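What follows is a short report on a single structure.
On a predicted model such as this, the values are computed, not experimentally measured, just so you know. Note: hydrogens, waters and symmetry copies are ignored here, and every other heavy atom, side chains too, is used. By convention in this document, chain letters (A, B, ...) are assigned in the order of the sequence lines, proteins followed by strands, and residues within each chain are numbered from 1.
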Amino acid sequence: MSRRGGDEIHKLKSDFVRDAVSQDVRSNKFGGRVQTRFPPEPNGYLHIGHAKSICLNFGIASEHNGVCSLRFDDTNPSNEESEFVESIMKDVRWLGFDWGPHLRYASDYFEELYQFALQLIRSEKAYVDSLSADDIRAYRGTLTETGKNSPYRDRTVVENIELFKGMRAGEFPEGSHVLRAKIDMCSGNINMRDPVMYRIVHARHYRTGDKWCIYPLYDFAHGQSDALEGVTHSVCTLEFENNRPLYDWFLDELSVAHPRQIEFARLNLSHTVLSKRKLGELVAGGHVSGWDDPRMPTLSGMRRRGYTPTSLRNFCETIGVAKRNTTVDMALLEHIVRKDLNSCAPRVMGVLRPLRVVLLNYPEEKVEHVEAINNPEDSSMGTRSVPFSRVLYLEKDDFNEDPPKKFYRLAPGREVRLRYAYFIRCENVVHNPETGEVEELHCTYDPSTLGGMAPDGRKVKATLHWVSAAHSVDAEIRLYERLFSVEEPSALTSEILASSLNPESLQVLRGCKLEPSLAQPSSDSTYQFERQGYFCVDSIESSENKLVFNRTVALRDTWARIESKRHAKRNN
RNA sequence: UGGGGGAUAGUUUAGUUGGUAGAACAGCGGAUUCUGGUUCCGCCAGCCCAGGUUCGAAUCCUGGUCCCCCAGCCA
């Protein structure tokens with residue numbers, strides 16, 4: 001059957017958000033225009049959950065030839081820092097998206113927002129309240145009881161304007177006054193019970209410095225920022241569903257055209273947490289080395305770990321967009337990372353836990369060079385030459401003196417193939433006289449098997465990776481496992497979160513032996529160490545004097561599965 | 001218990017005038033393989049519940065159940 005053009009047409013990405021946007025385009029709402037935005041608060045690093053939102057917002061815009069801007073919602077000077085805006089811009093670019101000239105900051109709108117507030121005061125839709133924070137809470141009521149009006153609710157316009165200007169002028173201490181919207185203290189939606197619009201904060205803002213001492217709350221800044229920018233579709237997460245009526249109220253009272261807000265469910269990933277607060281606590285508590293610790297689900301951590309932007313984008317596409325709360329299995333992310341890496345990662349050989357092997361019948365001084373394929377999935381990546389000699393390193397796990405059933409690697413008297421080289425046979429095992437540990441293997445090789453095939457057609461059951469000892473380069477390798485041993489750590493409170501960390505999430509291996517082509521590794525590619533997994537140079541701690549590799553993800557390991565099943569059976 | 005949302009295999013999803021519930025991941029089994037990788041094939045497994053309308057319901061109607069969000073001068 002031949003494939004015709006029509007069969008190749010990609011199914012257009014579709015989800016309920018995109019459907020809604022497309023409908024608006026078709027009905028010519030917003031003049032057929034599409035403009036979105038990604039609005040992070042610069043108070044932490046971006047994580048894979050943000051990637052979902054980034055892919056959605058930038059994706060929708062580009063599918064409609066529209067604009068997607070990057071806007072920092074920086075309305076709270078006490079949390080926000082330039083370090084975070086730098087990292088956020090870097091991460092969004094790395095993920096593969098470009099906001100072009102559309103870089104925005106809510107703090108750029110402080111003056112406009114202030115004027116909006118004045119406008120609401122003049123139309124008697126906002127007032128300065130002088131209740132304490134505790135009293136405001138008490139007056140607000142509860143989920144089941146209505147609230148009651150503040151005694152300051154009926155201040156005159158003149159009085160309100162004077163007080164609000166005084167707030168701006170720095171005449172009052174923090175907490176003495178706030179500006180509130182005058183809506184409905186009996187509303188079933190608690191967000192509508194005269195929400196606070198402005199608070200006094202005598203703190204330096206990382207962008208506006210000391211220019212302001214009153215700052216709008218997110219609720220009063222977000223919708224207007226969208227409106228000021230001409231955003232048509234304001235895509236956000238589910239928890240803002242309750243706030244939508246409030247945003248609409250502000251915009252309607254201000255007579256400003258407003259975007260359509262569409263809420264989707266945020267991402268949850270098994271075995272990790274995706275909450276900036278909790279991630280920040282892991283950093284602050286020293287449980288990880290930083291926001292970019294390769295175990296972190298942050299974009300900077302995943303970059304350092306060797307995950308590709310392509311695989312993260314593919315992941316976001318695969319998980320879809322919907323409204324129900326879900327937890328995606330980490331195994332899916334790992335599968336997608338492997339799939340991308342399998343197609344593009346150069347293959348090399350590296351021995352993680354070296355076992356010295358001497359080929360008794362191989363000449364002392366002889367060195368041969370065998371040709372190895374760089375990527376069997378992509379012949380255009382070519383081949384390389386790897387040195388072979390009398391003394392080699394093999395993987396400790398590839399030898400077993402007393403091999404269990406189904407173990408078909410090296411064992412006493414057994415023959416295996418060394419990848420791209422010769423068949424070798426284990427003749428003798430040298431033990432450490434004190435510990436009894438296997439210290440070295442004496443093997444013989446069959447010169448007629450160069451290239452990996454025997455002229456007599458005999459087969460071996462295993463092909464092992466190896467490194468020539470004299471030519472090897474030393475490296476430190478860091479193996480990573482899931483950050484948490486429990487499946488849903490997000491359900492845990494901050495207090496017990498750290499105690500649920502997986503103690504084996506980081507394992508450091510020293511004295512690993514790599515093939516010589518890795519002496520000068522590429523800093524931006526992730527390699528496949530054959531039969532082991534994918535590894536990349538650690539961007540922070542690796543140097544010319546000390547090579548450090550991070551394991552991105554292990555290869556699927558059927559043998560390990562057989563073994564763990566065996567152990568499970570034994571323990572039952 | 002006020003208001004706002006949501007329920008399709010173990011997990012994440014598709015299902016557009018009502019017409020045999022489709023996929024991916026995970027799990028299990030097999031074939032191929034100079035990576036116990038990749039690839040390929042097969043198996044397992046699902047419409048929250050109860051009624052109703054209909055020749056026919058995941059889809060429409062009624063009534064339940066369960067889960068999530070909101071009581072920051074956080075976002």
Side-chain angles (χ1 to χ4, degrees), chain A residues 11 14-15 19 39-41 43 73-76 78-80 129 131-133 136-138 140-147 174-180 186-193 195-201 214-215 217-219 221-222 236-245 263 265 267 270 276-277 318-336 338-339 342-343 347 349 372-373 376-377 406-409 416-421 423 451-453 459-465 528-533 554-562:
Chain A
K11 200 186 158 202
S14 166
D15 53 64
D19 291 349
E41 183 190 14
N43 68 341
D73 272 336
D74 51 359
T75 55
N76 187 344
S78 30
N79 298 334
E80 297 148 7
D129 196 357
L131 247 25
S132 69
I136 287 181
R137 189 179 312 121
R140 188 154 32 222
T142 68
L143 293 180
T144 51
E145 301 159 49
T146 61
E174 287 184 16
S176 56
H177 306 285
V178 291
L179 185 71
R180 290 232 254 170
C186 297
S187 174
N189 182 345
I190 292 178
N191 293 300
M192 302 298 270
R193 320 241 261 230
V196 175
M197 297 160 59
Y198 268 91
R199 75 289 219 192
I200 298 169
V201 184
I214 55 171
Y215 293 90
L217 272 88
Y218 175 85
D219 280 348
H222 187 80
C236 64
T237 43
L238 251 30
E239 65 268 28
F240 294 105
E241 231 161 2
N242 297 320
N243 302 51
R244 175 156 32 95
E263 307 88 2
L267 171 67
S270 71
K276 266 196 266 184
R277 204 192 81 244
T318 304
I319 58 176
V321 179
K323 292 200 76 153
R324 68 179 133 152
N325 300 98
T326 55
T327 300
V328 176
D329 192 340
M330 182 69 88
L332 178 59
L333 210 208
E334 292 174 343
H335 168 259
I336 287 171
R338 284 193 195 101
K339 188 174 174 176
N342 178 53
S343 68
R347 310 294 128 120
M349 292 192 285
I373 295 166
E377 311 290 323
K406 289 191 185 170
F407 181 93
Y408 45 83
R409 276 111 92 145
V416 297
R417 170 166 45 228
L418 296 184
R419 180 130 233 231
Y420 302 120
F423 285 12
M453 297 303 264
K459 303 270 193 250
V460 288
K461 294 210 64 167
T463 300
L464 310 183
H465 62 281
Q528 185 194 102
F529 289 11
E530 292 208 29
R531 307 205 307 128
Q532 293 288 346
L555 249 30
R556 277 185 62 196
D557 190 343
T558 310
W559 169 244
R561 219 173 302 171
I562 292 169

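The shortest distance between the side-chain N/O atoms of A:Thr463 and the OP1/OP2 oxygens of B:rU33 is not below 4.0 Å. Distances shown here put every side-chain N or O of A:Thr318 at or beyond 4.0 Å from the OP1 or OP2 atom of B:rU13. Here A:Arg277 does not reach the OP1 or OP2 of B:rC74: none of its side-chain N or O atoms lies under 4.0 Å away. Close to B:rC74, at under 4.0 Å from its OP1 or OP2, lies a side-chain N or O of A:Arg199.
Out of B:rC28, B:rC25, B:rG2, the shortest distance to the side chain of A:Leu332 is found at B:rC25. Listed candidates were B:rC69, B:rU11, B:rU1. Nearest to the side chain of A:Glu239 is B:rC69. Of the candidates B:rC25, B:rA71, B:rU1, B:rC25 carries the atom nearest the A:His335 side chain, counting heavy atoms from C-beta on. For A:Thr326, counting side-chain heavy atoms from C-beta on, the closest listed nucleotide (B:rC74, B:rU13, B:rG36) is B:rU13. Nearest nucleotide to the side chain of A:Arg561, out of B:rC70, B:rG27, B:rC73: B:rG27. Each of B:rG36, B:rG37, B:rA71 was ranked by its minimum atom distance to the side chain of A:Tyr408; first place goes to B:rG36. In the set B:rC69, B:rA75, B:rU38, the nucleotide with an atom closest to the side chain of A:Asn242 is B:rC69. Picking from B:rC68, B:rC70, B:rG37 the nucleotide with the shortest atom distance to the side chain of A:Leu143 gives B:rC70. Proximity note for A:Asp557 (side chain, C-beta onward) versus B:rC68, B:rG37, B:rG36: the nearest is B:rG36. For A:Lys323, the listed nucleotide lying nearest its side chain is B:rG5; candidates were B:rC70, B:rG37, B:rG5.
A donor-acceptor contact under 3.5 angstrom links the side-chain atoms of A:Arg347 to the base of B:rU35. Applying the 3.5 Å distance criterion, the base of B:rU35 shares a donor-acceptor pair with the side chain of A:Gln528. Evaluation of atom-type donor-acceptor distances gives no pair under 3.5 Å for the side chain of A:Glu241 against the base of B:rG6. With hydrogens and angles left out, the side chain of A:Arg409 and the base of B:rG36 share a donor-acceptor pair within 3.5 Å.
Sequence order on RNA chain B of the closest nucleotides to A:Lys461 and A:Asp329 puts A:Asp329 first from the 5' end.
Here the P atom of nucleotide B:rG3 and the CG atom of A:Asn243 are 18 Å apart, to the nearest Å.
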